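Here the structure is laid out as structure tokens; the discussion comes afterwards.
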Amino acid sequence: MSGKTSVTEPRVTRGKGRLEGFLARHRARMANRLIPEELRGGRLVDIGCGSYPLFLTTTRFTERYGLDRLTAESGARVDGITLVHHDLGSKTALPFDSGSIEAVTMLAVFEHLEHDVLQYTLLEIRRVLRPGGIYILTTPAAWTDRLLRVLARVGLVSAEEIEEHQDAYTHERIAALLEEAGFERESMRFGTFEFSMNLWATARR
């Protein structure tokens, strides 16, 4: 992959919301805290990185890849980050060899995927992770669904993003989905942030 592109107008989401930048930065800090130091010499893949890969610009890894439905040419580079066009909805294999990735992140993406797409994506994430690699996700807590819709109506969070939510999750549901994908329960960790409004989960390969 080669080529270079630049970002002139950073946008952390497709929609508008006065708190979106603040929330995205908090997700990025949370994900960074969850990445084991010993993995940073390898490859990181952020699935659903958005048109501006905010998290990837704030983290340290030898190789950083961002996957999303991007308009930029596949393989374009932004600040040392390789951007790859990939539509999760097509349920095609992630463009990486099995066991070749140290860390995969999905920040505020879990809730946007239809169930069959999510199941397939989790299987693919486990496939590309190397033994000892880590998967990290964040998603709004299930109890916040109504609150988020109120916040969207007053312009604090992106109405477009909230309307695209396919489901809402608890730690228990996340654990069950990860187990279905082949992750062992003993390899998982769970927590909350932003006043328990958001959940995080990790699973080691």
Side-chain angles (χ1 to χ4, degrees), residues 10-37 39-40 44-61 64 66-68 88 103-115 117-118 121-122 125 134-181 183 185-204:
R11 290 281 299 279
V12 295
T13 64
R14 289 183 302 100
K16 296 179 181 178
R18 292 192 293 276
L19 292 179
E20 288 294 345
F22 170 83
L23 296 173
R25 287 188 290 273
H26 268 251
R27 288 193 295 269
R29 284 195 290 270
M30 188 74 249
N32 261 317
R33 287 198 291 268
L34 294 170
I35 295 171
E37 187 64 27
L39 299 181
R40 292 186 181 273
L44 166 68
V45 176
D46 185 36
I47 297 176
C49 65
S51 56
Y52 178 73
L54 176 70
F55 165 62
L56 291 174
T57 67
T58 67
T59 195
R60 175 175 46 82
F61 253 83
R64 294 168 293 166
L67 270 60
D68 212 325
L88 293 178
V104 175
T105 53
M106 255 177 31
L107 310 183
V109 175
F110 210 83
E111 66 275 12
H112 288 272
L113 302 181
E114 295 180 359
H115 191 70
V117 174
L118 180 58
T121 301
L122 293 175
I125 289 169
I134 193 168
Y135 169 52
I136 297 169
L137 71 96
T138 71
T139 189
W143 67 266
T144 66
D145 185 63
R146 286 187 179 180
L147 175 60
L148 289 173
R149 294 181 187 281
V150 171
L151 295 177
R153 284 199 294 272
V154 298
L156 291 178
V157 299
S158 167
E160 183 177 6
E161 294 283 321
I162 300 304
E163 286 303 315
E164 288 187 358
H165 285 188
Q166 300 296 317
D167 210 337
Y169 293 92
T170 62
H171 284 143
E172 291 75 17
R173 286 196 66 201
I174 293 169
L177 288 166
L178 292 174
E179 280 192 305
E180 285 179 20
F183 291 99
R185 183 69 68 114
E186 294 75 17
S187 78
M188 303 176 197
R189 294 175 55 215
F190 302 93
T192 64
F193 63 109
E194 290 176 348
F195 307 105
S196 298
M197 292 181 63
N198 279 280
L199 311 178
W200 62 261
T202 68
R204 300 295 289 260

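Since the structure is predicted, the reported quantities are computational estimates derived from the model, not experimental observations.
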Which pair of heavy atoms, one from [X] and one from [Y], lies closest together, and at what distance?
{"X": "Tyr169", "Y": "Leu199", "value": "O-CD1, 3.4 Å"}
{"X": "Leu177", "Y": "His115", "value": "CD2-CE1, 3.3 Å"}
{"X": "Ala168", "Y": "Arg173", "value": "O-NH1, 3.0 Å"}
{"X": "Ile174", "Y": "Ala201", "value": "CG2-CB, 4.0 Å"}
{"X": "Arg185", "Y": "Ala176", "value": "NH2-N, 4.4 Å"}
{"X": "Ser196", "Y": "Ala141", "value": "O-CB, 3.7 Å"}

Within this structure, what is the [atom1]-[atom2] distance for the pair [X] and [Y], rounded to the nearest 0.5 Å?
{"X": "Glu161", "Y": "Glu111", "atom1": "CD", "atom2": "CD", "value": "8.5 Å"}
{"X": "Met197", "Y": "Thr192", "atom1": "CE", "atom2": "OG1", "value": "11.5 Å"}
{"X": "Arg27", "Y": "Phe193", "atom1": "CZ", "atom2": "CZ", "value": "7.0 Å"}
{"X": "Ile134", "Y": "Met188", "atom1": "CD1", "atom2": "CE", "value": "12.0 Å"}
{"X": "Tyr135", "Y": "Ile125", "atom1": "OH", "atom2": "CD1", "value": "4.0 Å"}
{"X": "His112", "Y": "Glu164", "atom1": "NE2", "atom2": "CD", "value": "6.5 Å"}

Next item on the list: Among Thr105, Leu44, Val45, find the one that has a side chain to side chain contact (heavy atoms under 4.5 Å, CB included) with Leu56.
Entry: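 The passing option is Leu44.
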Checklist line | Member of Thr139, Asn198, Thr138 meeting the side chain to side chain contact (heavy atoms under 4.5 Å, CB included) criterion with Leu107 | finding: Thr138
Checklist line | Worked verdict on Ile136 versus Met106 for side-chain contact (heavy atoms from CB on, under 4.5 Å) | finding: CA-CA 6 Å; Ile136 297 169; Met106 255 177 31; over 6 Å; no
Check: Passes side-chain contact (heavy atoms from CB on, under 4.5 Å), Arg149 versus Arg146? Steps please.
Finding: CA-CA 5 Å; Arg149 294 181 187 281; Arg146 286 187 179 180; 5.8 Å; no
Margin query: What I want to check is whether the side chains of Arg29 and Thr58 have a donor and an acceptor closer together than 3.5 Å.
Written below: no
Next item on the list: Return yes if some donor-acceptor pair links the side-chain N/O of Arg18 with the main-chain N/O of Val154 below 3.5 Å, else return no.
Entry: yes
Check: For Gly50, does its backbone N or O pair with a side-chain atom of Asp68 as donor and acceptor, under 3.5 Å?
Finding: yes
Margin query: I'd like to know whether Leu122 forms a side-chain contact (heavy atoms from CB on, under 4.5 Å) with Glu180, so could you lay out the CA-CA distance, the side-chain angles of the two residues, the decisive distance to 0.1 Å, and finally the verdict.
Written below: CA-CA 9 Å; Leu122 293 175; Glu180 285 179 20; over 6 Å; no
Notebook entry, point to check: Run the side-chain contact (heavy atoms from CB on, under 4.5 Å) check on Phe110 and Leu118 step by step: do they pass?
Noted result: CA-CA 7 Å; Phe110 210 83; Leu118 180 58; 3.6 Å; yes
Item checked: Residue pair Arg64 / Asp46, side-chain heavy-atom distance below 4.5 Å ->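 SC-SC contact between Arg64 and Asp46 ruled out.
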